[in-house]
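Computed from a predicted model, the values in this text were never measured in an experiment. Chain naming here is simple, since letters A, B, ... match the order of the sequence lines and numbering starts at 1 in each.
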Amino acid sequence: MYKRIIFHVDVNSAFLSWEAVYRKEVLGETLDLRTIPSAVGGDISKRHGIILAKSTPAKKYNIQTGEPILKALQKCPDLVLVPPNHDLYEQCSKSLKDLLFRYTPCIEPFSIDEAFLDMTGACNGYKSPNDLAEQIRERVKKELGFTVNIGISTNKLLAKMASDFRKPDMVHTLYPEEIPAKMWPLPLEELYFVGKASSKVLHGLGLETIGDIAKMDLNILKAHLGNKHGQMIYNNSQGIDESVVESTSAANKGYGNSTTLSQDVIDFETANLILLDLSETVSSRLRADGMKCTCITVEVTDCDFNHQTHQTTLLSPTNTTNVIHQTACKLLKEFWSGAPLRLLGVRTTKLTKGEFTQLNLFDLLKDERHEKLDKALDNIRNRFGTDAIKRASFMDSDKD
DNA sequence: TGTTGAATCCCAC
DNA sequence: CTAACGGTGGGATTCAACA
């Protein structure tokens, strides 16, 4: 038998499925978004216009997750778009994980819609791992109303690759002996950790499939992809992965907040207010987790999509809005070329444990003193859309 | 020679 | 005809400064 049995559970078209279930079950809508070309997408009027999830019928029009909504509408003019509801997705994600937890405590949530499960012990009493996976798949569908793919293998990498095989609502295995038949014929961009840059390099070497990578000399891969990355891709192509399912989540290494502005920003006064908004979010998250940061980075994207960062290391750790904001302003002043800004971001790293803070009378008084500032911030949020959680209204801006 | 910090690049979801 | 274009977080690489 195998040393380990790992499942990878992946919700099919997560945001769209969850949206469809909610609209059907809670709002009582008769139309099921999953049966028509539809997608969850951002607010075009705020320049957050990308596809976040698409239905299976939309997939037939070659609509890709992450692509601009305008491009998707060109491919399918009748595409039904709905705005995202992240609170709903968090709830759905939790429901799924609660259900999975009944099968094993050894769960590693990998993203809002994916999880690894170490099922090595949990398969006892079942005919096969496949049998258990099918049962979980059915139960999620019956109790939660959406479908999942489950990949089964002896490590996380292979389980993940397996869950990506035919969708939706399916269980697949990819055991080591199945690698040549099931994984090696796939186009190399489907290998985990082969992104845009790596696939270009690999195609340049004349490779097309994952199997082509597997047959390559490790040192050639390292020379062209870098030492670590080359080794990683080589290992992945061979199905080698010894990493364990981590059921306890590791602490964050950084906290950041960035936003694409609904209009380009051309002056410091506005930019600094947006930096205040971003700094406030970041610092309150630091405080909520009892952390302080020693490194602050400001990130900008200009109107031509040029991306730049500028960072500084502080003399002592902080988690106050003020220090983070002042530092961010100083950084922006030091490196902004003056080109109109499309995106602004604040990121904090080099974290240390701080003290948990509580809102006290002083904080409340301070808040009152800042009433005028808050009004200015609200004004900026309205004009530049930094308050991303607000209702999405891009349907209004649709030209008839 | 090795280390550190800053900037950039790459990747996943 | 092309362009259109999020947010968050982890990690590696490169380069310069420096010990």
**Study point:** Worked verdict on A:Asp378 versus A:Lys375 for salt bridge (charged side-chain N to carboxylate O under 4.0 Å, His left out)
**Key:** CA-CA 5 Å; A:Asp378 280 342; A:Lys375 291 225 173 87; over 6 Å; no
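- A:Ser198 comes within contact range of the sugar-phosphate backbone alone, with a heavy-atom separation under 4.0 Å but no base atom that close.
- In this structure, the nucleotide among B:dA6, B:dC13, C:dG9 sitting nearest to the side chain of A:Asp113 is B:dC13.
- The phosphate of B:dC10 has neither OP1 nor OP2 within less than 4.0 Å of any side-chain N or O from A:Lys196.
- At a threshold of 4.0 angstrom between heavy atoms, the contacts of A:His310 are confined to the sugar-phosphate backbone, with no base atom among them.
- Residue A:Lys71 has its side chain nearest to C:dA4 when only C:dA4, B:dA6, C:dG10 are considered.
- Taking the side chain of A:Ser111 as heavy atoms from C-beta on, and the options C:dG10, B:dC13, C:dC5, the nearest nucleotide is B:dC13.
- Of the candidate nucleotides B:dA12, B:dT8, C:dT8, B:dT8 has the atom lying nearest to any side-chain atom of A:Thr309.
- Closest approach to the A:Lys350 side chain among C:dA3, B:dA6, B:dA12 is made by B:dA6 (side chain taken as heavy atoms from C-beta onward).
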Point to revise | side-chain hydrogen bond (donor to acceptor under 3.5 Å, both in side chains) evaluation trace for A:Thr154 with A:Lys3 | key: CA-CA 7 Å; A:Thr154 56; A:Lys3 203 163 70 180; over 6 Å; no
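- Here the nucleotide nearest the side chain of A:Thr313, chosen from B:dG5, C:dT8, C:dG7, is B:dG5.
- In this structure, of C:dG11, B:dC13, C:dA4, it is B:dC13 that holds the atom nearest to the side chain of A:Glu114.
- Of the residues in residues 220-230 of chain A, those with a non-hydrogen atom less than 4.0 angstrom from any atom of DNA chain B are A:His229.
- Taking the six-membered ring for Trp and thresholds of 30 and 60 degrees, A:His229 and A:Phe193 have ring planes more than 60 degrees apart, a perpendicular arrangement.
- Contact between the side-chain N/O atoms of A:Arg347 and the OP1/OP2 oxygens of C:dT8 is not found at any separation under 4.0 Å.
- Contact check on A:Lys156 versus A:Asp241 returns no salt bridge, with no Lys/Arg side-chain nitrogen under 4.0 Å from an Asp/Glu carboxylate oxygen.
- Electrostatic pairing of A:Lys142 and A:Glu138 does not count as a salt bridge here, judged by no charged N lying under 4.0 Å from a carboxylate O.
- Under the 30°/60° scheme for interplanar angles, the aromatic rings of A:Phe15 and A:Tyr89 are found to lie parallel.
- Nearest-nucleotide assignment on DNA chain C puts the 5′-proximal partner with A:Phe305, out of A:Phe305 and A:Asn252.
- Ion pairing of A:Lys160 with A:Asp164 is absent here, as no side-chain N (NZ or NE/NH1/NH2) approaches a carboxylate O to less than 4.0 Å.
- Proximity note for A:Arg342 (side chain, C-beta onward) versus C:dG10, B:dC11, C:dC5: the nearest is C:dC5.
- Side-chain atoms of A:Gln74 come within donor-acceptor range of the base of C:dA3, with a qualifying N/O pair under 3.5 Å.
- Side-chain atoms of A:Gln311 lie closest to B:dA6 of the nucleotides C:dG7, B:dA6, C:dA4.
- Residue-level contact check: A:Thr65 touches neither bases nor backbone, having no heavy atom under 4.0 Å from any strand.
- If you find the closest nucleotide of DNA chain C to A:Gly66 and to A:Arg285, the one lying nearer the 5' end belongs to A:Gly66.
- Set against C:dC5, B:dA6, C:dG7, the side chain of A:Ser258 has C:dG7 as its closest nucleotide.
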